[in-house]
Amino acid sequence: MAASSSSLQFTATPFNQFHSKKVPKHATKWGTIRCSASSPSKSYNITLLPGDGIGPEVISVAKNALQLVASIEGFEVAFEEMPMGGAALDAVGVPLPDETLNSAKKSDATLLGAIGGYKWDKNEKHLKPETGLLQLREGLQVFANLRPATVLPQLVDASTLKKEVAEGVDLMVVRELTGGIYFGKPRGFSTDENGQEIGFNTEVYAAYEIERIARIAFETARKRRGKLCSVDKANVLEASMLWRKIVTALASEYPDVELSHMYVDNAAMQLVRNPKQFDTIVTNNIFGDILSDEASMITGSIGMLPSASLGAAGPGLFEPIHGSAPDIAGQDKANPLATMLSAAMLLKYGLGEEKAAQRIEAAVLDTLNRGFRTGDIHSAGHKLVGCKEMGEEVLKSIDSKTPAAV
């Protein structure tokens with residue numbers, strides 16, 4: 001069933017065939033918010049990576065939500081907080097310490113806040129916070145990035161698009177995450193035959209990389225509205241020609257999914273012209289990076305959107321798609337909802353705790369219905385609140401709402 005435009009219950013895709021959900025053998029006790037008549041039957045280890053800027057603020061709020069839904073649903077969560085990005089650079093001199101990567105690998109799931117900031121912009125590439133994120137994705141072998149973009153009725157007026165264009169938009173971008181031009185070799189700097197300095201990168205995909213992301217996209221579309229648009233640049237790029245060939249060949253295995261193809265320049269235009277035509281989009285790393293950010297702004301604020309990064313096995317990585325926003329860091333102005341919704345995706349896709357995920361999703365909607373808004377989504381007639389108060393209001397809704405049965 002497709003996710004309704006008035007719901008934040010992102011449609012669950014059967015990632016159990018791609019992604020393991022084991023219960024750790026050595027989870028430590030974590031103080032829960034309420035007493036239970038019986039001991040929790042399940043326990044999970046979650047690595048928290050607050051990162052930089054507003055990251056620590058939004059992670060703190062999401063952590064509280066995870067603790068509360070765990071106590072309500074009868075399972076236990078234990079957290080290990082580790083440095084990453086600029087915070088790690090300042091502490092130990094590298095953007096992704098070995099201890100941080102090892103913690104993430106041993107966990108059941110990892111929740112990331114945000115990384116980066118002006119302070120580290122002039123660092124050499126290997127010492128930039130963003131390099132740590134690429135290393136983390138590669139280390140966890142998460143190759144599928146899911147980014148939902150849903151225009152909520154409560155926030156349709158926040159979109160920069162006309163109401164009749166934005167209303168009812170509900171799409172999912174499935175982005176290949178560990179291949180393509182961001183990782184391809186050769187890459188680097190050199191000098192050409194004329195003595196001119198040059199920089200070069202390589203857009204390269206192996207057939208298996210395309211097939212595995214395409215299968216996840218087909219499965220995702222199958223559980224939504226049955227439409228998949230593959231975005232490439234097959235009229236120019238050989239890597240895209242192979243991409244289209246393999247995606248097209250797989251379509252025969254999914255007769256219930258309607259497959260279409262679109263060049264990336266046209267897709268960028270269509271996302272603002274008629275975004276409701278899209279259900280599920282699958283594309284490569286660099287195109288997905290750009291298009292998912294574009295899609296996010298249709299919703300009215302990048303501060304509302306979560307993401308999940310999953311691999312064939314092992315823990316997933318869950319994070320809001322917004323940046324570290326250093327200009328408002330430490331001022332209690334951040335919107336924590338994207339991180340709370342990322343925590344919901346962690347529960348659903350990472351731990352298989354569907355009901356707990358629905359509690360957070362329903363509570364976010366209820367909080368918006370009650371008129372609470374952070375600055376990025378505020379409009380006349382609503383109550384302006386900070387990061388902490390928004391989180392507290394969501395917690396109140398979690399405690400009072402019982403989601404529908406799965």
Side-chain angles (χ1 to χ4, degrees), residues 1 3-4 7-16 19-48 58-81 106-112 146 148 223 306-308 310 314-320 336-370 390-406:
M1 180 183 297
S4 147
S7 170
L8 277 170
Q9 295 180 9
F10 306 121
T11 309
T13 304
F15 276 102
N16 53 323
H19 184 64
S20 65
K21 300 184 180 74
K22 60 180 175 58
V23 176
K25 297 178 181 178
H26 53 278
T28 57
K29 285 282 184 180
W30 187 267
T32 53
I33 295 174
R34 62 177 65 198
C35 295
S36 176
S38 58
S39 298
S41 59
K42 292 176 288 185
S43 60
Y44 303 102
N45 286 338
I46 298 173
T47 294
L48 299 177
V58 295
I59 284 290
S60 176
V61 171
K63 177 182 176 181
N64 291 338
L66 286 167
Q67 287 177 307
L68 181 54
V69 295
S71 68
I72 293 172
E73 294 297 336
F75 59 90
E76 193 174 67
V77 286
F79 301 99
E80 184 172 28
E81 189 171 309
K106 293 175 182 178
S107 71
D108 293 288
T110 295
L111 183 64
L112 170 65
L146 276 67
K223 295 298 180 180
S307 75
L310 305 170
L317 174 64
F318 303 85
E319 58 182 307
L337 296 183
T339 310
M340 300 184 89
L341 292 170
S342 295
M345 293 189 84
L346 181 155
L347 290 164
K348 181 177 293 186
Y349 293 112
L351 306 183
E353 295 290 348
E354 182 86 11
K355 289 184 178 180
Q358 287 184 357
R359 283 191 179 274
I360 293 179
E361 294 163 353
V364 167
L365 281 177
D366 181 68
T367 302
L368 293 173
N369 283 335
R370 291 188 289 118
M390 179 65 91
E392 289 167 359
E393 291 301 327
V394 175
L395 291 179
K396 290 177 185 177
S397 292
I398 289 173
D399 217 11
S400 63
K401 299 292 179 182
T402 302
V406 178

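Treat the numbers as computed from the prediction; the structure is a model and nothing was measured. The figures here come from the full heavy-atom set of this structure, side chains too, leaving out hydrogens, waters and symmetry mates.
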(request) Please round to the nearest 0.5 Å and tell me the distance separating atom CD of Glu81 and atom CD1 of Ile59. (result) 8.0 Å
(message) If you compare all heavy atoms of Leu48 against all heavy atoms of Lys63, which two are closest, and at what distance to 0.1 Å?
(response) CD1-CD, 3.7 Å
(request) Rounded to the nearest 0.5 Å, what's the gap from CD on Glu73 to CD on Gln358? Could you check? (result) 9.0 Å
(request) Show your reasoning for whether side chain to side chain contact (heavy atoms under 4.5 Å, CB included) applies to Lys106 and Asn45. (result) CA-CA 8 Å; Lys106 293 175 182 178; Asn45 286 338; over 6 Å; no
(request) Would you name the heavy atoms of Val61 and Gly391 that are closest together and state the gap between them? (result) CG1-CA, 3.5 Å
(request) Give the intermediate values and the outcome of side chain to side chain contact (heavy atoms under 4.5 Å, CB included) for residues Glu361 and Lys348. (result) CA-CA 11 Å; Glu361 294 163 353; Lys348 181 177 293 186; 3.4 Å; yes
(request) Report the C-alpha separation of Met345 and Leu347 in whole Å, then their side-chain angles, then the decisive distance to 0.1 Å, and conclude whether the side chain to side chain contact (heavy atoms under 4.5 Å, CB included) test is met. (result) CA-CA 5 Å; Met345 293 189 84; Leu347 290 164; over 6 Å; no
(request) Output the distance between atom CG (Leu112) and atom OG1 (Thr339), rounded to the nearest 0.5 Å. (result) 9.0 Å
(message) To check you understand the geometry: which heavy-atom pair defines the closest contact between Val58 and Pro336, and what is its length?
(response) CG1-CA, 3.8 Å
(request) Quick one: pull up CG in Asn64 and CD1 in Ile398 and give me the separation to the nearest 0.5 Å. (result) 9.5 Å
(message) Contact between Leu146 and Tyr349 at the side-chain level, heavy atoms closer than 4.5 Å - yes or no?
(response) yes
(message) Under a 4.0 Å threshold between the charged nitrogen and the carboxylate oxygen, would Glu353 count as salt-bridged to Lys42?
(response) yes
(request) Sequence neighbours left out, what passes salt bridge (charged side-chain N to carboxylate O under 4.0 Å, His left out) with Glu393? Give chain and number order. (result) Arg370, Lys396
(request) Mind listing the closest non-hydrogen atom pair of Leu395 and Leu68 along with its distance? (result) O-CD2, 3.5 Å
(request) Please examine the side chains of Ser107 and Thr110, heavy atoms only from C-beta on, and report whether any two atoms are closer than 4.5 Å. (result) yes
(message) Can you give me the closest heavy-atom contact between Ala356 and Val69, atom names plus distance?
(response) O-CG1, 3.9 Å
(request) Kindly indicate whether the side chain of Asp366, heavy atoms from C-beta on, has any atom under 4.5 Å from the side chain of Val394. (result) no
(request) Mind checking the CG-CG spacing from Leu66 to Leu111? Nearest 0.5 Å is all I need. (result) 6.5 Å
(request) To the nearest 0.5 angstrom, please state how far the OG atom of Ser43 sits from the CG atom of Asp108. (result) 8.0 Å
(request) Give the minimum heavy-atom separation between Val77 and Gln67, together with the two atoms involved. (result) CG2-CA, 4.3 Å
(request) Answer yes or no: is there a donor N or O on one side and an acceptor on the other, between the side chain of Ser342 and the main chain of Pro306, under 3.5 Å? (result) no
